[in-house]
Structure formats: C-alpha cells, structure tokens
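Written out below as structure tokens is the structure these notes cover.
Per chain, numbering begins at 1; letters A, B, ... match sequence-line order.
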Amino acid sequence: MSLPQDVLGERAAGLPRAEAEYLPPMLATLTHNHFSSPDWIFERKLDGERCLVVRKGGKVRLYSRNRKELNRTYPELVDALRAMHAHGTPDFVADGEVVAFSGQVTSFKRLQRRMQVKDPEEARSSRVAVYLYLFDLPVCDGLDLSSLPLVDRKKVLKVLLEYEDPIRYTAHRNQEGVDYHRQACRKGWEGIIAKRRDAAYTGKRSRDWLKFKCGRRQEFVICGFTEPEGERVGFGALLLGYYDGDSLRYAGQVGTGFDNEFLRSFRETLADIERAEPPVESGQLPSKGVHWVEPEYVGEVGFTEWTGKGRLRHPRFLGLRRDKAPRQVVREEA
DNA sequence: TTCCGACAGTGGGGTCGCAAT
DNA sequence: ATTGCGACCCCACTATCGGAA
C-alpha cells in the first residue's frame, strides 16, 4: 500500500509509476480579472525563490526554477527535509518556495543576498532565516500524481510530513478569491495565486494557475530616455523622476508596456525637448546611451514595490497622463 | 475565421564574480 | 582600485506564428 493510496483510496488507483527526479515546475499566468469560484482555491503569493525538492533514497536535492542545484545555498533546508518525520520514508518530488520574512511579509529584498551564497558554512551562519513553503506534490512513493486533481495532491502533501520550521505547508482558502485578494493587499502581501481545484501538474505555464497581484501605480515625470538596442525602435526605456520639494529625484527606468507605434512617435516628441544636463538631482544616474529631456511629460507606471535604493521593481508603462502637472508628481507611500 | 499558447526579444532592479581597465 | 559585463534571481510586456476551437 502506497501513501497516496492510503490517503486517497480508490482515487489513487491506476496511477502510472514515476521515479523521483527533477521535472520542470508549473508556472502561473498573470491576470487582472479577479474572481471568486467554488472551482478554485487561493494561496498566498510568496515572494521568494522557487524550489523543487527531490527526495530519493534518503537523499535530498533542491533545484531552482532553471534546474540549478540549491543544496549549498540552503543546507539547513536540506537537513530539515532529511530529518523530518515522514509517514514511511517515501521518495517524492515536492514543489515550493524559499522565503525570508520582514515582519509578517515575505521579503525578496531580504532573501536576495542569501540567494547568492554558495558556501554551506557561510549559509548556515547567515542571519537571514529562510523557510520553505511546500504547495504541490507531483510524485510520491513511486507514483506519478501529476494527473490527479490539485486538491488531492495537496491532501497527500499535507499528511506526508510532520511540518516543523523551517519547512511549512502552504494553506489555501476555498472559493473567496476576491475577498482574499483584498485582504492580501491590505496586509502588504504581493498578491495571491488562484489555482483550479482539479488542475493537473503540467510543468509549464498554464492558465490553471493565475496570479492576482497587489499592484502599485502612480505617476512619474519623464526625465529622459535611452537608445533602443537590437530590433527595438524609438527608444529603449524612459527615465523617471518625482518631486521632493523643489528637487526632482530619480526613480529608475521603465522599458516595457509600449507598442511600436508609441515607441516611434514618442521618440519624436521627446527629441524636441532634449537637454544636455539631467533635470534630476545628481547621484547614481545611468549614463550609457542616455538622453535627458525637459521634465514636461507625466506617465503612469505600474510596479510591485520600491527597492532599497529608491528604484521601481518590475516597472511597466501604463500610459501618458495629460491631466497632471509635472510639479504635482510626488512619491506616494502605501 | 478567430482565438490562444508558446516562443523570442526587449526592457526593469539587485547581487555576485571575474576580467579588463 | 575601479569599472564593466554576464549570469543568476525576481519579473512585464509586445510581436509573431501555428494549431486549436
């Protein structure tokens, strides 16, 4: 009797066999169409590093999204996964996310330095505590569970291990996606992931997993642009700023969200107001292929958060704003 | 016929390591 | 000693093409 059969009974009958080894992780698709549905479950969106666990014959290997081995970066997670009391000692492949916390919120910023560490001893002595949230189980006890409904895989995942920090099970909420998304944004989370209850584990980007993100957006003064590269037309990115009193502060660049028509026509518009000196306060400013312009235009930009250096993370251009004067553009806090 | 999924290509911030300056 | 670049992480988005609906 295998563990999946133990937990699921008849539903686990006739599953194909599978070895516990690396497989490409399933990815979610971004959407702005938020909904509630009894056919979907909703998990907190964790902002960290994707991590696939392969446990085989008592050996544990961790893999990144691109199949890089993470054992030397997170040795304490490997130890924990090896030492944890499991029901039996089944081989399995589990999918999850490594995170670090800043207060109650997962913080990519805090994880970032830790992510680069390759020496296990240095990793163990790091002050950045990491946790591994597991949320799927495509292979367990020699059986390929990928064709099962997601909720059945999660049921097996939940009883598979006796969860103890730093390994955690990713809980979900049923049905109430809209309400959960609102709560997530209020708590300062990155968003939530909607998953179809009966979705198979497909190992590619799928619409069975959807991202509902808590986006931030605000206007910025356009201070310049960069030259396009490769096949790109018009310009590469727009340089952004905002007013702090009388001085214009640099906020980073935005290089996506434009179509070819806008790239061409706005380049011509900006060419008329070029100036030699940056309108923003000096500091760490880009220099390669940069053109500065008079701070006359205002654009709306979506982004996930401000970085430690006062730049925008994951910026995308949403459109020009004709109804706001540049001098009115200031940094808005959450 | 129209729509969707997959892919390539362009762009962002941040970190680290290594080579060129 | 400093700087630049590529390789990793995290991404968003546009354009294109072929197959599914």
Would you please indicate yes or no on a ring centroid separation below 6.0 angstrom for A:Tyr242 and A:Tyr250? no
Here the side chain to side chain donor-acceptor pair (under 3.5 Å) pairs for residues 109-126 of chain A, sequence neighbours left out, are A:Glu76-A:Arg114, A:Asp79-A:Arg124
Assign A:Gln112 to base, sugar-phosphate, or nothing according to its heavy-atom contacts below 4.0 angstrom with the strands shown. base
Min and max contacting nt of DNA chain B in 5' to 3' order, chain A heavy atoms within under 4.0 angstrom, are B:dG5 to B:dC16
Residues two or more places apart in sequence or in another chain: which of them pass ring-ring contact (aromatic ring centres under 6.0 Å, His included) with A:Tyr201? none
Judged by nearest nucleotide, the residue sitting upstream toward the 5' end of DNA chain C, A:Asp47 or A:Phe258, is A:Asp47
Using a heavy-atom cut-off of under 4.0 Å over every strand shown, decide if A:Gly48 touches base, sugar-phosphate, or nothing. sugar-phosphate
If you assign each of A:Glu229 and A:Ser206 to its closest nucleotide in DNA chain B, which residue comes earlier from the 5' end? A:Ser206
With heavy atoms under 4.0 Å as the rule, sort A:Lys118 into base, sugar-phosphate or nothing. nothing
Testing the basics here: between A:Leu143 and A:Ser2, what is the closest heavy-atom pair and its distance to 0.1 Å? CD1-OG, 3.4 Å
Parallel, tilted or perpendicular, judged at 30° and 60°: which one describes the rings of A:Tyr297 and A:Phe266? perpendicular
First and last nucleotide of DNA chain C, 5' to 3', lying under 4.0 Å from heavy atoms of chain A: C:dC8 to C:dA15
Scan for disulfide (SG to SG under 2.5 Å) pairs involving residues 197-250 of chain A, sequence neighbours excluded, and state none if there are none. A:Cys185-A:Cys214
For the residue pair A:Trp189 and A:Tyr180, does the interplanar ring angle fall in the parallel (under 30°), tilted (30 to 60°) or perpendicular (over 60°) class? perpendicular
What nucleic acid atoms does A:Leu30 come within less than 4.0 Å of, heavy atoms only: base, sugar-phosphate, or nothing? sugar-phosphate
Under a 3.5 Å cut-off for both contacts, is B:dC7 paired Watson-Crick or G-U wobble with anything, and if yes, with which nucleotide? none
Check every strand shown and say whether A:Lys109 touches a base, only sugar-phosphate, or nothing at a heavy-atom separation below 4.0 Å. nothing
Take the angle between the ring planes of A:Phe303 and A:Trp306 and call it parallel below 30°, perpendicular above 60°, tilted in between. perpendicular
Contact class for A:Glu231 vs. all strands (heavy atom < 4.0 Å): base, sugar-phosphate, or nothing? sugar-phosphate
Show me the donor-acceptor pairs, under 3.5 Å and distance only, between side chains in residues 228-240 of chain A and residues at least two apart or in other chains.
unit_1   : atom_1 : unit_2   : atom_2 : d
A:Arg232 : NE     : A:Phe235 : O      : 3.2
A:Arg232 : NH2    : A:Gly236 : O      : 3.0
A:Arg232 : NH2    : A:Gly255 : O      : 3.0

For A:Thr304, answer base if it contacts any base atom (sugar-phosphate contacts may also be present), sugar-phosphate if it contacts only those atoms, and nothing otherwise; contact means non-hydrogen atoms under 4.0 Å. nothing
